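Worksheet: one structure, shown below.
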Amino acid sequence: MRVLVSGGVGFIGSHTVVALIEAGHEPVIVDNLSNSDESVVGRIGEITGHVPEFHKADVRDVESMTELAGAGIDACIHFAALKAVGESVADPMKYYDNNVGGTIALLSALESAGVTRLVFSSSATVYGDPEKLPLTESMPIGVATNPYGWTKIMMEQVLRDLHVANEEWSIPILRYFNPVGAHPSGMIGEDPQGIPNNLMPYVAKVAAGELDHVRVFGADYPTPDGTGVRDYIHVVDLAVGHIRALDVHSDDPGVHVYNLGTGRGHSVLELIKAYEEASGRKIPYEIVERRPGDVAASFADVQKAYSDLGWSTEFGLADMCAHSWKWVSGAPR
(Lines give C-alpha, C1' and ligand atoms only; values in the text may rest on other atoms or scores of the structure.)
Protein backbone atom coordinates (compact mmCIF):
# COMPACT_ATOMS: atom_id res chain seq x y z
CA MET A 1 0.00 0.00 0.00
CA ARG A 2 0.98 3.60 -0.56
CA VAL A 3 0.72 5.05 2.95
CA LEU A 4 0.66 8.72 3.92
CA VAL A 5 2.53 9.14 7.22
CA SER A 6 1.81 12.43 8.98
CA GLY A 7 4.60 13.37 11.38
CA GLY A 8 6.74 10.73 9.70
CA VAL A 9 10.06 12.44 10.47
CA GLY A 10 9.39 12.35 14.21
CA PHE A 11 10.49 9.76 16.73
CA ILE A 12 7.72 7.18 16.37
CA GLY A 13 6.87 8.18 12.81
CA SER A 14 10.39 7.62 11.47
CA HIS A 15 10.64 4.15 13.00
CA THR A 16 7.24 3.29 11.54
CA VAL A 17 8.38 4.47 8.11
CA VAL A 18 11.30 2.04 8.40
CA ALA A 19 8.88 -0.75 9.37
CA LEU A 20 6.58 0.12 6.46
CA ILE A 21 9.43 -0.10 3.95
CA GLU A 22 10.65 -3.38 5.44
CA ALA A 23 7.11 -4.77 5.15
CA GLY A 24 6.91 -3.86 1.45
CA HIS A 25 4.71 -0.76 1.73
CA GLU A 26 5.44 2.63 0.14
CA PRO A 27 5.44 5.42 2.75
CA VAL A 28 4.88 9.06 1.83
CA ILE A 29 5.98 11.35 4.65
CA VAL A 30 4.39 14.70 5.48
CA ASP A 31 5.87 16.68 8.37
CA ASN A 32 6.12 20.37 9.26
CA LEU A 33 9.49 19.73 11.02
CA SER A 34 8.34 21.59 14.14
CA ASN A 35 10.08 19.05 16.36
CA SER A 36 12.14 17.01 13.92
CA ASP A 37 14.91 17.27 11.33
CA GLU A 38 14.75 16.49 7.62
CA SER A 39 18.09 14.65 7.79
CA VAL A 40 16.13 11.73 9.29
CA VAL A 41 14.71 11.03 5.82
CA GLY A 42 18.18 10.29 4.48
CA ARG A 43 19.02 8.12 7.46
CA ILE A 44 15.87 6.08 6.89
CA GLY A 45 17.27 5.54 3.40
CA GLU A 46 20.57 4.32 4.83
CA ILE A 47 18.79 1.81 7.07
CA THR A 48 16.38 0.46 4.46
CA GLY A 49 18.08 1.12 1.13
CA HIS A 50 15.10 3.26 0.07
CA VAL A 51 14.75 7.02 0.62
CA PRO A 52 11.04 7.67 1.22
CA GLU A 53 9.07 10.42 -0.48
CA PHE A 54 8.94 13.50 1.76
CA HIS A 55 6.79 16.65 1.77
CA LYS A 56 7.24 19.54 4.18
CA ALA A 57 3.70 20.63 5.06
CA ASP A 58 1.32 21.04 7.99
CA VAL A 59 -1.67 18.73 8.37
CA ARG A 60 -3.81 21.79 9.10
CA ASP A 61 -3.28 22.87 5.47
CA VAL A 62 -6.33 21.16 3.96
CA GLU A 63 -5.42 22.08 0.38
CA SER A 64 -1.96 20.53 0.62
CA MET A 65 -3.27 17.44 2.40
CA THR A 66 -6.02 16.93 -0.19
CA GLU A 67 -3.47 17.13 -2.99
CA LEU A 68 -1.20 14.60 -1.28
CA ALA A 69 -4.04 12.24 -0.41
CA GLY A 70 -5.22 12.31 -4.00
CA ALA A 71 -1.84 11.16 -5.32
CA GLY A 72 -2.54 7.44 -5.11
CA ILE A 73 -2.67 7.16 -1.32
CA ASP A 74 -4.30 3.96 -0.01
CA ALA A 75 -4.10 4.59 3.74
CA CYS A 76 -2.81 7.03 6.34
CA ILE A 77 -0.98 6.65 9.64
CA HIS A 78 -1.53 9.81 11.67
CA PHE A 79 1.23 10.78 14.11
CA ALA A 80 1.38 14.56 13.71
CA ALA A 81 0.60 15.98 17.16
CA LEU A 82 2.21 17.82 20.04
CA LYS A 83 2.76 15.50 23.00
CA ALA A 84 4.32 17.20 26.06
CA VAL A 85 2.03 16.95 29.09
CA GLY A 86 3.57 19.88 30.95
CA GLU A 87 3.50 22.15 27.91
CA SER A 88 -0.13 21.28 27.29
CA VAL A 89 -1.02 22.44 30.81
CA ALA A 90 0.83 25.72 30.24
CA ASP A 91 -0.48 26.33 26.70
CA PRO A 92 -3.68 24.33 26.11
CA MET A 93 -4.89 26.34 23.12
CA LYS A 94 -1.75 25.43 21.19
CA TYR A 95 -2.56 21.76 21.75
CA TYR A 96 -6.24 21.95 20.83
CA ASP A 97 -5.41 23.87 17.65
CA ASN A 98 -2.60 21.59 16.50
CA ASN A 99 -3.87 18.20 17.65
CA VAL A 100 -7.63 18.41 17.30
CA GLY A 101 -7.69 20.98 14.51
CA GLY A 102 -4.96 19.18 12.60
CA THR A 103 -6.76 15.85 12.82
CA ILE A 104 -10.04 17.32 11.57
CA ALA A 105 -8.27 19.00 8.65
CA LEU A 106 -6.44 15.79 7.72
CA LEU A 107 -9.59 13.67 7.91
CA SER A 108 -11.43 16.14 5.70
CA ALA A 109 -8.66 15.93 3.12
CA LEU A 110 -8.50 12.14 3.21
CA GLU A 111 -12.26 11.76 2.83
CA SER A 112 -12.30 14.21 -0.07
CA ALA A 113 -9.71 12.02 -1.78
CA GLY A 114 -11.64 8.81 -1.05
CA VAL A 115 -9.09 7.49 1.46
CA THR A 116 -10.91 5.72 4.31
CA ARG A 117 -8.13 3.73 5.99
CA LEU A 118 -6.46 5.41 8.97
CA VAL A 119 -4.24 4.15 11.78
CA PHE A 120 -4.41 6.66 14.63
CA SER A 121 -1.69 7.46 17.15
CA SER A 122 -3.46 7.69 20.50
CA SER A 123 -2.20 7.42 24.06
CA ALA A 124 -2.76 5.66 27.35
CA THR A 125 -3.28 9.11 28.84
CA VAL A 126 -6.92 8.85 27.65
CA TYR A 127 -7.54 6.54 30.62
CA GLY A 128 -6.75 9.33 33.09
CA ASP A 129 -5.85 8.35 36.66
CA PRO A 130 -6.64 4.63 36.63
CA GLU A 131 -8.72 3.05 39.38
CA LYS A 132 -7.18 -0.36 38.71
CA LEU A 133 -4.38 -1.89 36.68
CA PRO A 134 -3.59 -3.21 34.13
CA LEU A 135 -5.51 -0.96 31.78
CA THR A 136 -7.77 -2.68 29.26
CA GLU A 137 -9.34 -1.27 26.11
CA SER A 138 -12.82 -1.70 27.60
CA MET A 139 -12.13 0.71 30.47
CA PRO A 140 -13.85 4.11 30.28
CA ILE A 141 -12.08 7.15 28.89
CA GLY A 142 -12.95 10.81 29.06
CA VAL A 143 -11.26 11.59 32.37
CA ALA A 144 -7.90 12.98 31.25
CA THR A 145 -5.68 14.77 33.75
CA ASN A 146 -4.17 17.26 31.27
CA PRO A 147 -5.00 19.04 27.99
CA TYR A 148 -2.77 16.72 25.95
CA GLY A 149 -4.87 13.80 27.17
CA TRP A 150 -8.07 15.67 26.38
CA THR A 151 -6.92 16.25 22.80
CA LYS A 152 -6.43 12.51 22.36
CA ILE A 153 -9.89 11.82 23.83
CA MET A 154 -11.43 14.40 21.51
CA MET A 155 -9.63 13.01 18.49
CA GLU A 156 -10.79 9.47 19.30
CA GLN A 157 -14.37 10.75 19.54
CA VAL A 158 -14.04 12.53 16.20
CA LEU A 159 -12.93 9.23 14.65
CA ARG A 160 -15.86 7.30 16.14
CA ASP A 161 -18.33 9.90 14.91
CA LEU A 162 -16.70 9.86 11.47
CA HIS A 163 -17.22 6.12 11.21
CA VAL A 164 -20.86 6.44 12.25
CA ALA A 165 -21.36 8.93 9.43
CA ASN A 166 -19.37 6.89 6.89
CA GLU A 167 -19.13 3.17 7.64
CA GLU A 168 -16.46 2.65 4.99
CA TRP A 169 -13.81 3.97 7.37
CA SER A 170 -11.39 1.44 8.87
CA ILE A 171 -9.74 3.05 11.91
CA PRO A 172 -7.40 1.18 14.25
CA ILE A 173 -6.79 3.39 17.31
CA LEU A 174 -3.49 2.53 18.99
CA ARG A 175 -3.13 3.66 22.59
CA TYR A 176 0.60 3.91 23.27
CA PHE A 177 2.07 3.64 26.68
CA ASN A 178 5.62 5.07 26.91
CA PRO A 179 7.67 4.74 23.71
CA VAL A 180 11.44 4.83 24.28
CA GLY A 181 14.69 3.51 22.82
CA ALA A 182 16.01 3.90 19.28
CA HIS A 183 16.60 1.86 16.16
CA PRO A 184 19.22 -0.84 16.94
CA SER A 185 21.41 0.57 14.14
CA GLY A 186 21.83 3.80 16.09
CA MET A 187 20.87 5.76 12.97
CA ILE A 188 17.54 7.18 14.17
CA GLY A 189 16.18 7.91 17.63
CA GLU A 190 14.49 10.49 19.80
CA ASP A 191 15.97 13.96 19.39
CA PRO A 192 13.66 16.55 20.97
CA GLN A 193 14.52 20.20 20.55
CA GLY A 194 15.49 21.98 23.77
CA ILE A 195 15.01 20.39 27.18
CA PRO A 196 13.29 17.01 26.81
CA ASN A 197 9.80 16.63 28.27
CA ASN A 198 9.97 12.84 28.52
CA LEU A 199 12.05 10.82 30.94
CA MET A 200 14.38 8.66 28.86
CA PRO A 201 15.69 11.40 26.53
CA TYR A 202 16.27 13.55 29.63
CA VAL A 203 18.17 10.71 31.31
CA ALA A 204 20.13 10.21 28.10
CA LYS A 205 21.22 13.85 28.03
CA VAL A 206 22.41 13.57 31.63
CA ALA A 207 24.37 10.42 30.76
CA ALA A 208 25.89 12.27 27.79
CA GLY A 209 26.89 15.20 30.01
CA GLU A 210 24.54 17.67 28.30
CA LEU A 211 22.47 18.14 31.47
CA ASP A 212 23.58 18.05 35.11
CA HIS A 213 21.01 15.76 36.67
CA VAL A 214 17.58 14.22 36.31
CA ARG A 215 14.65 15.82 38.08
CA VAL A 216 12.41 13.09 39.49
CA PHE A 217 8.92 14.53 39.79
CA GLY A 218 7.66 13.10 43.05
CA ALA A 219 8.82 10.24 45.28
CA ASP A 220 5.70 9.95 47.39
CA TYR A 221 3.42 8.06 45.00
CA PRO A 222 1.83 4.78 46.18
CA THR A 223 4.38 2.74 44.22
CA PRO A 224 7.16 0.37 45.38
CA ASP A 225 9.86 3.08 45.47
CA GLY A 226 7.58 6.14 45.54
CA THR A 227 8.36 7.24 41.99
CA GLY A 228 6.00 7.09 39.02
CA VAL A 229 5.59 3.73 37.29
CA ARG A 230 5.12 3.53 33.52
CA ASP A 231 4.89 0.85 30.86
CA TYR A 232 7.90 1.56 28.62
CA ILE A 233 7.76 0.08 25.12
CA HIS A 234 10.59 -0.06 22.58
CA VAL A 235 9.85 2.21 19.64
CA VAL A 236 10.64 -0.56 17.13
CA ASP A 237 8.08 -2.87 18.76
CA LEU A 238 5.60 0.00 18.64
CA ALA A 239 6.31 0.63 14.96
CA VAL A 240 5.69 -3.01 14.11
CA GLY A 241 2.35 -2.75 15.92
CA HIS A 242 1.26 -0.11 13.38
CA ILE A 243 2.07 -2.38 10.47
CA ARG A 244 0.13 -5.23 12.01
CA ALA A 245 -2.89 -2.98 12.61
CA LEU A 246 -2.70 -1.60 9.07
CA ASP A 247 -2.46 -5.03 7.46
CA VAL A 248 -5.04 -6.82 9.63
CA HIS A 249 -7.68 -4.10 9.30
CA SER A 250 -6.97 -2.84 5.77
CA ASP A 251 -10.31 -4.21 4.53
CA ASP A 252 -12.14 -4.32 7.84
CA PRO A 253 -14.33 -1.24 8.36
CA GLY A 254 -14.87 -0.17 11.94
CA VAL A 255 -13.08 1.43 14.87
CA HIS A 256 -10.60 -0.99 16.44
CA VAL A 257 -8.89 -0.02 19.71
CA TYR A 258 -5.63 -1.55 20.95
CA ASN A 259 -3.24 -0.94 23.83
CA LEU A 260 0.41 -1.10 22.77
CA GLY A 261 2.74 -1.64 25.69
CA THR A 262 4.69 -4.46 27.33
CA GLY A 263 2.16 -5.26 30.04
CA ARG A 264 4.46 -4.35 32.94
CA GLY A 265 5.62 -1.16 34.59
CA HIS A 266 9.01 0.25 35.60
CA SER A 267 9.57 3.11 38.02
CA VAL A 268 11.58 6.25 37.30
CA LEU A 269 14.39 5.01 39.53
CA GLU A 270 14.40 1.60 37.82
CA LEU A 271 14.82 3.30 34.46
CA ILE A 272 17.65 5.49 35.74
CA LYS A 273 19.45 2.42 37.10
CA ALA A 274 18.98 0.51 33.83
CA TYR A 275 20.36 3.47 31.88
CA GLU A 276 23.39 3.66 34.16
CA GLU A 277 24.09 0.00 33.36
CA ALA A 278 23.63 0.53 29.62
CA SER A 279 25.82 3.64 29.45
CA GLY A 280 28.37 2.76 32.11
CA ARG A 281 27.88 6.25 33.58
CA LYS A 282 26.55 7.53 36.87
CA ILE A 283 23.30 9.46 36.47
CA PRO A 284 22.68 11.89 39.33
CA TYR A 285 19.08 12.79 40.17
CA GLU A 286 17.12 15.10 42.44
CA ILE A 287 13.67 14.50 43.89
CA VAL A 288 11.38 17.48 43.24
CA GLU A 289 7.65 18.16 43.57
CA ARG A 290 5.11 16.22 41.56
CA ARG A 291 4.38 17.48 38.06
CA PRO A 292 0.83 18.67 37.28
CA GLY A 293 -1.20 16.10 35.38
CA ASP A 294 0.96 13.05 36.18
CA VAL A 295 -0.51 9.81 37.56
CA ALA A 296 1.12 7.37 39.96
CA ALA A 297 1.20 4.29 37.73
CA SER A 298 0.08 3.14 34.30
CA PHE A 299 0.64 -0.14 32.48
CA ALA A 300 -1.23 -2.06 29.84
CA ASP A 301 -3.16 -5.23 29.33
CA VAL A 302 -1.94 -6.16 25.83
CA GLN A 303 -3.84 -9.40 25.32
CA LYS A 304 -6.15 -7.94 22.68
CA ALA A 305 -3.26 -6.79 20.46
CA TYR A 306 -1.64 -10.19 20.89
CA SER A 307 -4.79 -12.15 19.98
CA ASP A 308 -6.22 -9.90 17.24
CA LEU A 309 -3.04 -8.61 15.61
CA GLY A 310 -0.62 -11.41 16.38
CA TRP A 311 1.64 -8.74 17.88
CA SER A 312 3.93 -8.90 20.90
CA THR A 313 7.02 -7.06 22.07
CA GLU A 314 10.55 -8.28 21.47
CA PHE A 315 12.67 -5.83 23.49
CA GLY A 316 12.98 -5.33 27.26
CA LEU A 317 14.07 -2.33 29.34
CA ALA A 318 17.78 -3.20 29.02
CA ASP A 319 17.46 -3.18 25.20
CA MET A 320 15.55 0.11 25.28
CA CYS A 321 18.33 1.76 27.27
CA ALA A 322 21.15 0.17 25.27
CA HIS A 323 19.68 1.23 21.92
CA SER A 324 18.94 4.72 23.23
CA TRP A 325 22.52 5.09 24.42
CA LYS A 326 23.89 3.84 21.09
CA TRP A 327 21.86 6.56 19.36
CA VAL A 328 22.75 9.33 21.83
CA SER A 329 26.45 8.53 22.10
CA GLY A 330 26.98 8.38 18.35
CA ALA A 331 24.00 10.20 16.89
CA PRO A 332 24.58 11.55 13.37
CA ARG A 333 22.95 14.90 14.17
Side-chain angles (χ1 to χ4, degrees), residues 11-12 35 78-103 120-160 173-180 192 195-203 214-233 238 257-271 287-302:
F11 176 44
I12 303 169
N35 193 31
H78 180 33
F79 294 106
L82 300 172
K83 64 178 184 176
V85 170
E87 183 185 45
S88 79
V89 174
D91 193 357
M93 293 302 291
K94 178 180 179 181
Y95 274 66
Y96 292 122
D97 174 49
N98 187 86
N99 293 7
V100 181
T103 297
F120 178 63
S121 166
S122 192
S123 168
T125 192
V126 301
Y127 294 113
D129 196 348
E131 293 184 4
K132 62 178 182 179
L133 295 169
L135 291 162
T136 67
E137 293 88 348
S138 62
M139 288 180 174
I141 66 171
V143 287
T145 58
N146 55 76
Y148 164 70
W150 280 116
T151 68
K152 290 295 184 181
I153 290 168
M154 291 176 183
M155 288 186 280
E156 285 198 13
Q157 189 60 49
V158 168
L159 293 170
R160 289 189 184 88
I173 293 175
L174 307 183
R175 293 175 180 163
Y176 309 163
F177 279 67
N178 290 74
V180 296
I195 302 298
N197 290 292
N198 297 323
L199 179 61
M200 185 171 284
Y202 201 108
V203 170
V214 178
R215 291 181 298 163
V216 177
F217 295 101
D220 57 349
Y221 286 108
T223 61
D225 63 17
T227 64
V229 169
R230 298 291 183 269
D231 187 339
Y232 296 99
I233 176 173
L238 183 62
V257 180
Y258 297 100
N259 288 335
L260 295 186
T262 63
R264 65 161 298 181
H266 294 282
S267 74
V268 174
L269 296 185
E270 282 183 279
L271 187 147
I287 305 295
V288 298
E289 292 184 359
R290 294 185 184 187
R291 185 169 52 184
D294 279 350
V295 300
S298 177
F299 57 90
D301 182 316
V302 294

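Residue numbers count from 1 along this sequence. Keep in mind that what you see is a predicted model, and the values were worked out from it rather than measured.
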**OP:** Would you check, one step at a time, whether the test side chain to side chain contact (heavy atoms under 4.5 Å, CB included) holds for Thr227 with Tyr221?
**Re:** CA-CA 6 Å; Thr227 64; Tyr221 286 108; 5.8 Å; no
Original post:
Ser267 and Asp225: side chain to side chain contact (heavy atoms under 4.5 Å, CB included), yes or no, with the steps?
Top reply: CA-CA 7 Å; Ser267 74; Asp225 63 17; 2.6 Å; yes
**OP:** Could you please spell out the steps behind the side chain to side chain contact (heavy atoms under 4.5 Å, CB included) verdict for Ile173 and Glu137?
**Re:** CA-CA 10 Å; Ile173 293 175; Glu137 293 88 348; over 6 Å; no
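In this structure, Val257 and Arg160 have side chains that are in contact, with non-hydrogen atoms separated by less than 4.5 Å. Side-chain contact between Leu199 and Val214 is present, with at least one heavy-atom pair separated by less than 4.5 Å. The side-chain heavy atoms of Met139 and Lys132, taken from C-beta on, include a pair separated by under 4.5 Å. Side-chain contact between Phe11 and Phe79: absent, with no pair of heavy atoms (C-beta onward) separated by less than 4.5 Å.
Between the Asn99 side chain and the Leu82 main chain, a donor and an acceptor come within less than 3.5 Å of each other. Under the 3.5 Å distance criterion, the side-chain polar atoms of Arg175 are left unmatched by any main-chain donor or acceptor of Ala300. Under a 3.5 Å cut-off, the side chain of Asp231 and the backbone N or O of Ser298 do not form any donor-acceptor pair. Counting only distance, with no hydrogens or angles, the side chain of Asn197 and the backbone of Ala84 share no donor-acceptor pair below 3.5 Å. A donor-acceptor pair is defined here as one N or O able to donate and one able to accept, closer than 3.5 Å; such a pair exists between the side chain of Asn259 and the backbone of Leu135.
The OG1 atom of Thr125 sits 14.0 Å away from atom OH of Tyr176, with the distance rounded to the nearest 0.5 Å. Between the CG atom of Leu174 and the CG atom of Leu260 there is a distance of 5.0 Å, given to the nearest 0.5 Å. Note that the CG atom of Asp91 and the OH atom of Tyr96 stand 11.5 Å from one another [nearest 0.5 Å]. With rounding to the nearest 0.5 Å, the separation of CD1 in Ile141 from OG in Ser122 is 7.0 Å. One distance of note links OG of Ser138 with CG of Asp301; it measures 8.5 Å at 0.5 Å rounding.
Between Lys152 and Glu156 there is no salt bridge, since no side-chain nitrogen of the basic residue lies less than 4.0 Å from a carboxylate oxygen of the acidic one.
With sequence neighbours excluded, the residues forming a side chain to side chain contact (heavy atoms under 4.5 Å, CB included) with Asn178 are Arg230, Tyr232, listed by chain and number. Residues passing the ring-ring contact (aromatic ring centres under 6.0 Å, His included) test with Tyr258, sequence neighbours excluded: His249.
Taking each heavy atom of Met155 and Phe120 in turn, the nearest pair found is CB-CZ, 3.5 Å. Nearest heavy atom pair, residue Gly263 against residue Val302, reads N-CG1, 4.2 Å. The two atoms that bring Pro179 and Ile12 nearest to each other are CG-CD1, 3.7 Å, heavy atoms only. Between His78 and Thr103 the shortest heavy-atom distance is NE2-OG1, 2.9 Å. Ile153 and Ala144 get closest at one heavy-atom pair: CD1-CB, 3.6 Å. The nearest pair of heavy atoms linking Tyr127 to Val143 is O-CG2, 3.6 Å.
The aromatic rings of Tyr148 and Tyr95 stand perpendicular to each other, their planes meeting at an angle above 60°, with 30° marking the opposite boundary.
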